Every structure is written in structure tokens, then in C-alpha cells.
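Indexing begins at 1, ligand by ligand and atom by atom, following the structure's order. When reading the values below, keep in mind they use all heavy atoms of this one structure, side chains included, and skip hydrogens, waters and symmetry mates. Because the structure is predicted, anything quoted here is derived from the model rather than measured.
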Amino acid sequence: MTERELWERYQRHLCVVPSVGLTLDISRMNFGADFLDGMRSRMDAAFQAMDALEKGAIANPDEKRRVGHYWLRAPELAPEAELKTAVTSMQAQVAAFAKDVHAGKVKPAKAAKFTQVLIVGIGGSALGPQLVADALGSGRDAMQVHFLDNTDPDGMDRVLNGLGERLAETLAVVISKSGGTKETRNGMLEAEAAWRQRGLDFGAHAVAVTGDGSELDTYAKGHKWLRTFPMWDWVGGRTSVMSAVGLLPAQLQGLDVEGFLAGAKDMDAATRVHDVAANPAALLALMWFHAGGGKGQKDMVILPYKDRLMLMSKYLQQLVMESLGKELSLDGKVVNQGIAVYGNKGSTDQHAYVQQLREGVNNFFVTFVEVLKDRDGKSLAVEGDNTSGDYLLGFLLGTRRALFEKGRESMTLTVPDVSARTVGALVALHERAVGLYASLVNINAYHQPGVEAGKKAAGRVLELQGKLLAKLKSAKAEARSADQLAQDIGAADEAETVFKLLQHLSANGDHGVKRTGGARPAEARFQAG
Ligand SMILES: O=P(O)(O)OC[C@H]1O[C@H](O)[C@H](O)[C@@H](O)[C@@H]1O
């Protein structure tokens, strides 16, 4: 294709969303002239399924749940008055609480004001708040936000020690839809202990966002936390950033929550239309389908040329992979669907893996994100008249061209700035694209049965550890191999897991397990100290 033809293809296919100032350019995807027409009936079915979902159909059949994240920014569209009230009342509660915190009406026991927020959550209960905080935050925010999003002890120490004295003025926001996620429970208990060590009452510094009657809800009420905010089963974790999960942290941080919701609402209006050419979510879904043959054969590389959007790939990784990575189709056939997502930011990535993108295995397509506004205020001329921002665009366009020359496909999303409106619109765009793509490939985007297997297996590992410790204590002084100990506890088939447990136990002082003997598994001996 000549540059001239490409320019014409760009203009012909450019999807423009004036309400949020976003454009989607699909001209550098190599779909044929008849692809869009050929997909029409499948796309129509996807639109219909989406319409039904928005009207309150059971769009998540396995869990028999409705899927209501679109109502979070347009409560008037909720199918029942109670749902509308639930959303508007949550929004009002969150705003009023943040206002009281900022004004010092809700205050800590031993400091004048809350100045820090510690969010404890994981997956959908952390990634949205992390994206929003990083994309929109600044040193001028009403409160500074910190995260515990894992059960890594050293990771937690780093955050809690970093807060140090400021724990006295920190508000802990523990977020878990189910209220039973172990990583979050552990983070909460570790945070509670850190407060206690400083002679502070955790409950007077803590709020929860969780489902009514969950373990976390019961704990928060039992320990007289400041309050709890609701989460509902009709909002999925990975699409919960516009529920209290994302809105409470954003309000506390002092971000433009109204703009965030309005950007999403405007994008929803643009992506609800059944006209593919005018609907950027439909086009995205179709391009994903084209690139991967409807089977996810190509990975999605997210490349925003903007530091503030660095977490977008991480956020989309969960949204896309947890939604689309499914073994079974809606009819119960084995399909092993999914699209792998990775990325970071440009131009930084040009100095890392873009080498492979241009010359290595051609198993991906890129979504470039171009942000028109460079910065607040004027820029320095760094070379001739050129600014750093001119370079950033130069690198984006240069890389895009270099990839195209080598037959590597890409799309470009162009947005005016990284404002709350824009971030809301980008989230909503991808939520809709994921839902439509799921219909195109006939899967349920709204459950995550695969996640449970790992959790159950982890439970069995900890059970095994309990038996192992009991055995080690009863057989004190006698050093035994992993194989012997596995047999002792009736788990001969699990010798490898037993060895891994012993290796970890002996590397840490918590349980007093000592290791002697050689470095290889068969040579190692373990005993209680
Ligand atoms: O919010 P929670 O119930 O604690 O869940 C946190 C996360 O963990 C689960 O394993 C799911 O895979 C995620 O979709 C969810 O967002």
C-alpha cells in the first residue's frame, strides 16, 4: 500500500467520537475489503446480546447474574428503581464521606486529619483504583494513595514502613467484593497489626467496600470500623472501577469523579449504536477478531505514549484475559478462547521489546494510544524548535511506520489528554469491546471459573503444611527427608509439594524448622528446632 492509499484508508475508516474527542484508526490493520460486511450478522447478534444485557438480562448464565456496570454511570438506565437508587445513593454516600474526611469531620483519634489512604485489595478490587490513581494523581491531591495488593510480606512491610508515623493519619480502605479473598484478608490483618503496634485502633481508621453480609462486612461491623460501602453481585470485579471500589479512592484522592463517570457515559452512548463504522467498541472487537482469527492467535500489545497511562495494559490485562480466557463456549463446547495482553508505555518500550515486535515472531497486534496534549503549560525547546513532546509523537509515528513496513498490524487510539473524562471513556470503550467480542466468539465474559482451581489448590497446600508442622513437632529432634515426611503424613504422592513447603519453612524463622544435609532435594533433612 502506498502512503497515499494509506492516508485514504485512514480517512475512510477513522472512527470519531466527538463527545469525548477520541478517534480510533484501524487503517493499519490488514483486514480485507469484505471483512466488515462478512461479520455483519455476527455483529448484529452481539449488539442484540449487549442490548439485552443493558436491559437486565441474565448475561452471566453460569452464575445466574445480571451484568450492570453500565448502570454505574447511567443509573437512569437500570432496569429497576431499586437498582437506580442503589447506585445514586452509593455515589452520594461516597462523595459525602470523602467531603467529611477532607474537612476533618471524620478524623483519626490521634491526628488532626486523615492525609493518606491505604487501599487493601487485589485483582478487580485494586487494578481500577491503581489505574485511576496513577493516571490522574498529582502531588496536589487531597490525599496520597498507597496500595497493599498482594500477600507478599516484604511488599507489605515496604508500604507500611513507608507510611511509618503517618499511619496515625492514614485511612485504610479494605476492598473485596466477595469479602473472602485471602490475600486481602492477610493484608488487612497485617495492616491492623501495624496500627496496633503504634498504639492505634485500626477500626477507627478503617472502612470496607464489600458485599452485604460477607466475611469482611461481618468483620468490619464486629470491629466497629468507621463504615462500609456496598458492592453488588451484578457488578463484576474487573468492571467495578465505577462502583464504590473505584469511586471511594478517587473521591478521597480528590479526583474529578463526575468527569470520570461522564466520560464513560458519553463513551457508552457512542458504543451503544448498532452502526459499526461509528462505534469504536464494535470496531475494536472486530479488529481483535480479525487479528487473531477469532481464536486469539495474536497477542494484544497496549502501547500508550504517556507515562500516566502506563497501568492501562495491566488493567486491560485483567479485563480482557479474565473475561475472554475461557475453556468452554456458551454451548458447553471446548474452545479455549482468550487474547493475551501486555504492554507498558512508549517510547520506553522501544528500548526494550519493540525489537522483537519489528523483527521477531509476528504473533501480535499493537494498540497505540496517542495523547494530544503534552503537558500543562509550555514546553522547552530541546533541539532546534522541537520539544520533548514532539519527540514523543515522533517516536510513536516512527515505530508505527516501522512496524507497518514489516507487515505488523496496529491500531491507534487518539485522545485529547489524560483527564478523568478521557480515562473514564477509555475504560468504558474497552469494557464494551470485551463484551461484544465475547459474543462474537460465543463465550461468557462475566465469570472466571478458572481462578477457583488455583485458590482451592492453595488451600490444600496450606492444609498439608498444617499436617507437616504437627508431624515435625511430634517427631522432634529427628531429621527426616521430604520423602519420609510426605509418607509420615499420608501424602507420599505429594513429596514435591512437601519438599517445597519444607524449603520455605526452613528459609524463614516463623515455625522453627531447620534444614541440614545436602543441597539436592534427596539429600536435605528437616527437623523442628
Ligand atoms: O473483590 P474480591 O472478591 O476480593 O476479588 C478480587 C479478585 O479475585 C478473584 O480471584 C477474581 O479472579 C477477580 O475477578 C477479583 O477481582
Legend entry - Contact check, Met231 vs ligand 1, heavy-atom distance below 4.0 Å: no
Legend entry - Parallel, tilted or perpendicular: rings of Tyr305 and Phe368 (30°, 60°): tilted
Legend entry - Contact check, side chains of Tyr446 and Leu53, non-hydrogen atoms, under 4.5 Å: yes
Legend entry - Where ligand 1 meets Gly124 - atom numbers and elements under 4.0 angstrom, heavy-atom basis: 15 (C), 16 (O)
Legend entry - Phe229 and Phe97 aromatic ring geometry - parallel, tilted or perpendicular at 30°/60° bounds: perpendicular
Inset, instruction - Could you list the atoms of ligand 1 found under 4.0 angstrom from a heavy atom of Ser176? - result: 1 (O), 2 (P), 3 (O), 4 (O)
Inset, instruction - Report yes if some N/O of Ser178 lies less than 3.5 Å from some N/O of ligand 1; otherwise report no. - result: yes
Inset, instruction - Can you sort out which atoms of ligand 1 are near Thr181, meaning under 4.0 Å from one of its heavy atoms? - result: 2 (P), 3 (O), 4 (O), 5 (O)
Legend entry - Taking atom 11 (C) of ligand 1 as the reference point, the nearest protein heavy atom with its distance: Glu322 OE2, 3.6 Å
Legend entry - Nearest protein heavy atom with distance in Å, relative to atom 1 (O) of ligand 1: Ser125 OG, 2.6 Å
Legend entry - Closest protein heavy atom (residue, atom, distance) for atom 7 (C) of ligand 1: Ile122 O, 3.8 Å
Inset, instruction - Answer yes if the side chains of Asn186 and Thr151 hold a donor-acceptor pair under 3.5 Å, and no otherwise. - result: yes
Legend entry - Polar side-chain atom of Thr422 near backbone of Val418 as donor-acceptor pair, under 3.5 Å: no
Legend entry - Under 4.0 Å to a heavy atom of Gln318 - the qualifying atoms of ligand 1, by number: 13 (C), 14 (O), 16 (O)
Legend entry - Shortest non-hydrogen separation from Asn150 to Ile122 and the atoms involved: CA-CD1, 4.4 Å
Inset, instruction - May I ask you to list the atoms of ligand 1 that are less than 4.0 angstrom from any heavy atom of Lys455? - result: 9 (C), 10 (O)
Legend entry - Atom indices of ligand 1, in the order listed, that fall short of 4.0 Å to a heavy atom of Val451: 10 (O), 12 (O)
Inset, instruction - Please indicate whether any nitrogen or oxygen in Ile175 is less than 3.5 Å from any nitrogen or oxygen in ligand 1. - result: no
Inset, instruction - Please answer whether the main-chain N or O of Val273 pairs with a side-chain N or O of Asn279 as donor and acceptor at a distance below 3.5 Å. - result: yes
Inset, instruction - Decide side-chain hydrogen bond (donor to acceptor under 3.5 Å, both in side chains) for Asp141 and Gln253; before the verdict, give the C-alpha distance in whole Å, the side-chain angles of both, and the deciding distance to 0.1 Å. - result: CA-CA 6 Å; Asp141 293 341; Gln253 202 178 341; 2.9 Å; yes
